[in-house]
Amino acid sequence: MEERYEPAQVERAAQADWAAAGSFRAREDAGGDKFYCLSMFPYPSGRLHMGHVRNYTIGDVLTRFARMQGRNVLQPMGWDAFGLPAENAAMANGVAPAKWTRDNIAYMKKQLQALGFALDWEREIATCDPSYYKWNQWLFLRMREKGIAYKRTGVVNWDPVDQTVLANEQVIDGRGWRTGALVEKREIPMYYLNITRYADELLRDLDTLGDWPERVRVMQANWIGRSEGVDVAFPFAANTAALMGKPAGDASAVMKVFTTRADTLFGVTFVAIAAEHPIALAAGAKDPSLMAFIDECRRGSVMEADVATMEKKGRRTGLHVTHPFTGEPVEIWVANYVLMGYGEGAVMGVPAHDERDFAFATQQGIAIRTVVKSTTGAYENVVAPWIDAYGEHGVTVNSAEFSGLDSKAAVDAIAAALAAKDLGQKRVQFRLRDWGISRQRYWGCPIPLIHCPKCGEVAVPDSQLPVVLPEHLVPDGSGNPLAKTPSFFECSCPQCDGPARRETDTMDTFVDSSWYYARYACPDNDAAMVDARAKYWLPVDQYIGGIEHAILHLLYSRFWTKVMRDFGLVDYSEPFRSLLTQGMVLNHIYWQQPAEGRRLYFNPNDVDVEESGGVKRYIATRDDGSQLEVQYDGLGTMSKSKNNGVDPQSLVEKYGADTARLFMMFTAPPEQSLEWSDEGVQGSFRFLRRLWTAVHGHVAMNATAGVPPALDRAALTPPQRELRRAVQQTLAKVTDDIGRRRTFNTAIAAVMELLNTLARFDDRSPQGRAVLQEACEVATVCLSPMVPHVAHALWRELGHAGTLMDERWPQVDASALELTQLTLVVQVNGKLRGQIEVAADAGEETIRATALAEPNVQKFVAGATPRKVIIVPRKLVNVVV
RNA sequence: GCGAAAGUGGCGGAACUGGUAGACGCGCUGGAUUUAGGUUCCAGUGGGCAACACCCGUGAGGGUUCGAGUCCCUCCUUUCGCACCA
């Protein structure tokens, strides 16, 4: 055995052994309990980042652990290969997105293999392969037949200079990222998937996902946002009816709003409509200053965070609707915080009982009318001078015949009265909106439709699928290259054979990632989306990925799965049985603002901290060797834009894959964010070297003293029994930490403790070495899911002919854990005052007497009679005086 | 702005069901080895204090309890998401 730990050599040998044995290949017929462990596939950005290393190490630990527990495992890998970065790279370097993407995949695959992940590469998929995205197109057409996929207009960010649609990411402070032009909102036709049809089920089935983090389920539930409320129709007043060309009193001459607080209907003092609302546009056509305001509202991005934090602005229209009960006129306002895309694009304004309405009314001088009072008297400030809205439930006041009801009863009564007048009814509304999947972009899955001047919109026949994306185009930032490529869009109509135009929009990449998990079961099937093999493997038993995907990706995937089920393709309703959301990998952020242009970010590797007189200065060294002082901006997610990433490649080259994996697993529990630390990496490497040295010492001793005999449990000396106890305790803890708690950091800490104990054990007797042999084996096995290469090598050195990953995970010897003496902690009035030793089977009276006899306890009891003595079995005694 | 989570030594974290706060690692201090630096090994390391006694201590403030890092209320800070980044 080598005396020194040489990771490069150890890892090369282990990987060669695994490759030769085909250890990572998954088979359907292997029998046993299947375990499908899936990590979210990467976007092939060029190189792995630390988030990937963390994600895939977690998956690999769980996979290897499950395999050693006798489960038949599948751990596949693929590529989320369509998307915007490939187009950006193309613009920057003039390389076609296809080539850039495939080169990246080849490089990153090598990196993953070097990290020793037990991935079944025979099932590799890339979403940019026609053999994959064909099935996106196929299922899209099935959805279209059922009306789940449909067409309507949607609002996008529009760059008026480049004449192109911008992603939210490409809008910086309301301006286009390349042109700097003020971004506008624009309505364009798009295809939508009717996810709201599944809203109820998506919400309900969250209850079946017991192995998902509570916070993800809560976030999804809030995102879906089921609310019970009332549709209220406000009839047009004469001026509005005239403007809109509808006879007053006509059923269509109403403004519809949705409210969850119909009990506050008598508090309505205005209604607010979106700038794009038909009434706003009609009024604006006759009022230039109003039109200018509408145009102002149209500027800016469509992002909700922007809209919500924007200063609330509004303009009165001079138009009115009438209150459905009092008949009073209520003025219509155009407001920038009302969005056309939500509900009816109009809301009723109740300043007394809604925070936002209150702010708007106060600012605009609109009347405030209290119609709900607190029942507890907790909030009596419901008359002028107004301080705040009262948004809680209570009892109605000032509400004509509906006064004096509690809020819930008032909602019911008002809804019933509205229904009787045909001016409203109860309705369940979801916050969730339908999923717009059209992208005016090149590097994505083509939407398989054809526009024929005669036949209209026609589906591409199944026999002509896939509609293949041409791979040679290089985008230039102005519009969609597909729309400028006649060889792609010129086609003939499948119905009339006349000249027609192919749809040039592509699909949202969330479509690709919504079902890739299923395709791993049968990546080679050209005749069906999924086949019988899917029945064996699916659904996924364990899914692992970043917390940032807690809502969108996971919700879309759940939806897509339910659609596949309804088409009879799969027989389960939820794609991921258990979910582990890993935290982000963080590093320090340093920046400097040049005289002009954007902030420059500096990699923490190039920044030194100088401290003098308690003041820290941060000095960055540039490529050319020059230095400058930079600003420190705290910790943030590793990202290209903040230039604070650490390349896993350098880490693997310097310390080996095992050290990289160990550091990732040891530094933080998987669900928490993880702070990068160079020193921590060195510590992990140091530990592996100590482990190697310890095993080497033991093996060397055996070489001179002979192979240790079998353990004779009955013949152990007390120190030998102590070490065995520590060994079995460690095994029990690690098994529980990996298998149940998934706290790999504490599992590793337990083995570190064992190694510390081991170092103090110096007993060369045959039984001593037998105990030591077991200790070395348990330490090796316990660490093997985290650091498989070094464990593979040590297992051989410990005298085993077989491959460690084919071994069974050992059972804990419970008899070794038994204790005859216990140490109990004694408190007086809850404060720690001493410790006592008692027999493990001591009765309460003995414990009580021993505790009270403890000198320091007596000092604090000071002759007083204990009022109470609380005994927590095997742990603690608390004397209350 | 809205939804969610997290705040514990100089740092990353541990304390799993309300029961010894700080396991394990990093860093630091001292010692041994080394020509030196590095490495390795040993010891120490929350603050106060002469002290192993004792007092204080888990973002801030309040509460429940024999006992609170853990439960409840208010507040502060940070991170994630907000529908076209993936």
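Below, chains carry the letters A, B, ... as their sequence lines are ordered, and counting in each starts from 1.
Note: CZ (A/R741) to P (B/rG13) measures 15 Å, nearest angstrom. We find that CG of A/N756 is positioned 14 Å from C1' of B/rA43, with the value rounded to whole Å. Rounded to whole Å, the distance from OH on A/Y556 to P on B/rG81 is 15 Å. Between A/Q835 atom CD and B/rG19 atom P the separation is 17 Å, expressed in whole Å. What separates CZ of A/R217 from C1' of B/rG3 is a distance of 16 Å, to the nearest Å. Nucleotide B/rC82 holds its C1' atom 14 Å from the CD atom of A/E548, rounded to whole Å. Between A/F663 atom CZ and B/rC24 atom C1' there is a gap of 14 Å when expressed in whole angstrom units. Per the geometry, CD belonging to A/E6 stands 17 Å off P belonging to B/rU39, to the nearest Å.
Residue A/P42 is out of contact with every strand shown, counting any heavy-atom pair closer than 4.0 Å. A/T637 comes within contact range of the sugar-phosphate backbone alone, with a heavy-atom separation under 4.0 Å but no base atom that close. No contact: A/S677 has no heavy atom under 4.0 Å from any strand. Contact annotation for A/F860: backbone-only contact, meaning every heavy-atom pair under 4.0 Å involves sugar-phosphate atoms and none involves a base. Within 4.0 Å (heavy atoms only), A/Q170 reaches no atom of the nucleic acid at all. Nucleic acid contact for A/V156: base, since at least one base atom lies under 4.0 Å from a heavy atom of the residue. No engagement by A/R742 is indicated, since no non-hydrogen atom pair under 4.0 Å with the nucleic acid exists. No engagement by A/H553 is indicated, since no non-hydrogen atom pair under 4.0 Å with the nucleic acid exists. Contacts of A/E304 with the nucleic acid, taken as non-hydrogen atoms under 4.0 Å apart, include base atoms. Using a 4.0 Å heavy-atom cutoff across all strands shown, A/F687 reaches no nucleic acid atom at all. Note on A/Q827: a base of the nucleic acid sits closer than 4.0 angstrom, heavy atoms only. Residue A/L84 is in sugar-phosphate contact alone, with no base atom involved, counting any heavy-atom pair closer than 4.0 Å across all strands shown. Looking at heavy-atom distances under 4.0 Å, A/V872 makes contact with a base.
The aromatic rings of A/Y516 and A/F41 lie parallel to each other, their planes meeting at an angle below 30°, with 60° marking the opposite boundary. Relative orientation of the A/W100 and A/Y43 rings is tilted, given thresholds of 30° and 60° on the angle between their planes. Using bins of under 30°, 30° to 60° and over 60° for the plane-to-plane angle, the ring pair A/H553/A/H549 lands in the perpendicular bin.
Here B/rA4 is the nucleotide among B/rA86, B/rA53, B/rA4 with the atom lying nearest to any side-chain atom of A/R215. Residue A/K859 has its side chain nearest to B/rA53 when only B/rC66, B/rA53, B/rG25 are considered. Nearest nucleotide to the side chain of A/M584, out of B/rC80, B/rC26, B/rA86: B/rC80. Closest contact between the side chain of A/T509 and the listed nucleotides B/rA14, B/rA86, B/rG1 involves B/rA86. Among B/rG19, B/rG12, B/rA86, the nucleotide with an atom closest to any side-chain atom of A/P85 is B/rA86. Listed nucleotides B/rG3, B/rC85, B/rG25 differ in distance to A/N222; the shortest reach to its side chain belongs to B/rG3. Nearest to the side-chain atoms of A/N745 among the listed nucleotides B/rC80, B/rG13, B/rA4 stands B/rG13. Closest to the A/M219 side chain, of the nucleotides B/rG3, B/rG19, B/rC16, is B/rG3. Side chain of A/K868, nearest nucleotide from B/rC66, B/rG12, B/rG19: B/rC66. Listed nucleotides: B/rG13, B/rC85, B/rG81. Nearest to the side chain of A/A167: B/rC85.
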**Complete:** For RNA chain B, the dot-bracket notation using Watson-Crick and G-U wobble pairs below 3.5 Å, [ ] for pseudoknot-type crossings and | for other-strand pairs, is (((((((..(((......[....)))((((((.......))))))(((.....)))..(((((..]....))))))))))))....
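For the 3.5 Å distance criterion, the side chains of A/T823 and A/Q835 fail to qualify, holding no donor opposite an acceptor.
A donor-acceptor contact under 3.5 Å is not formed by the side chain of A/R867 with the base of B/rC66.
Not counting sequence neighbours, A/E548 has no partner by the side-chain hydrogen bond (donor to acceptor under 3.5 Å, both in side chains) test. In this structure, the side-chain hydrogen bond (donor to acceptor under 3.5 Å, both in side chains) partners of A/R741, at least two apart in sequence or on a different chain, are A/D737.
Of the C1' atoms belonging to B/rA21 and B/rC2, the separation is 37 Å, rounded to the nearest Å.
Applying ring pair (Phe, Tyr, Trp, His ring centres under 6.0 Å) to A/W435 and the options A/Y556, A/Y198, A/Y192 leaves one that passes, A/Y556. Applying the ring pair (Phe, Tyr, Trp, His ring centres under 6.0 Å) test between A/W515 and each of A/Y133, A/F510, A/Y132, A/F559 identifies A/Y132 as the sole match.
With A/D512 contributing its side chain and A/F82 its backbone, the two residues share no donor-acceptor pair below 3.5 Å.
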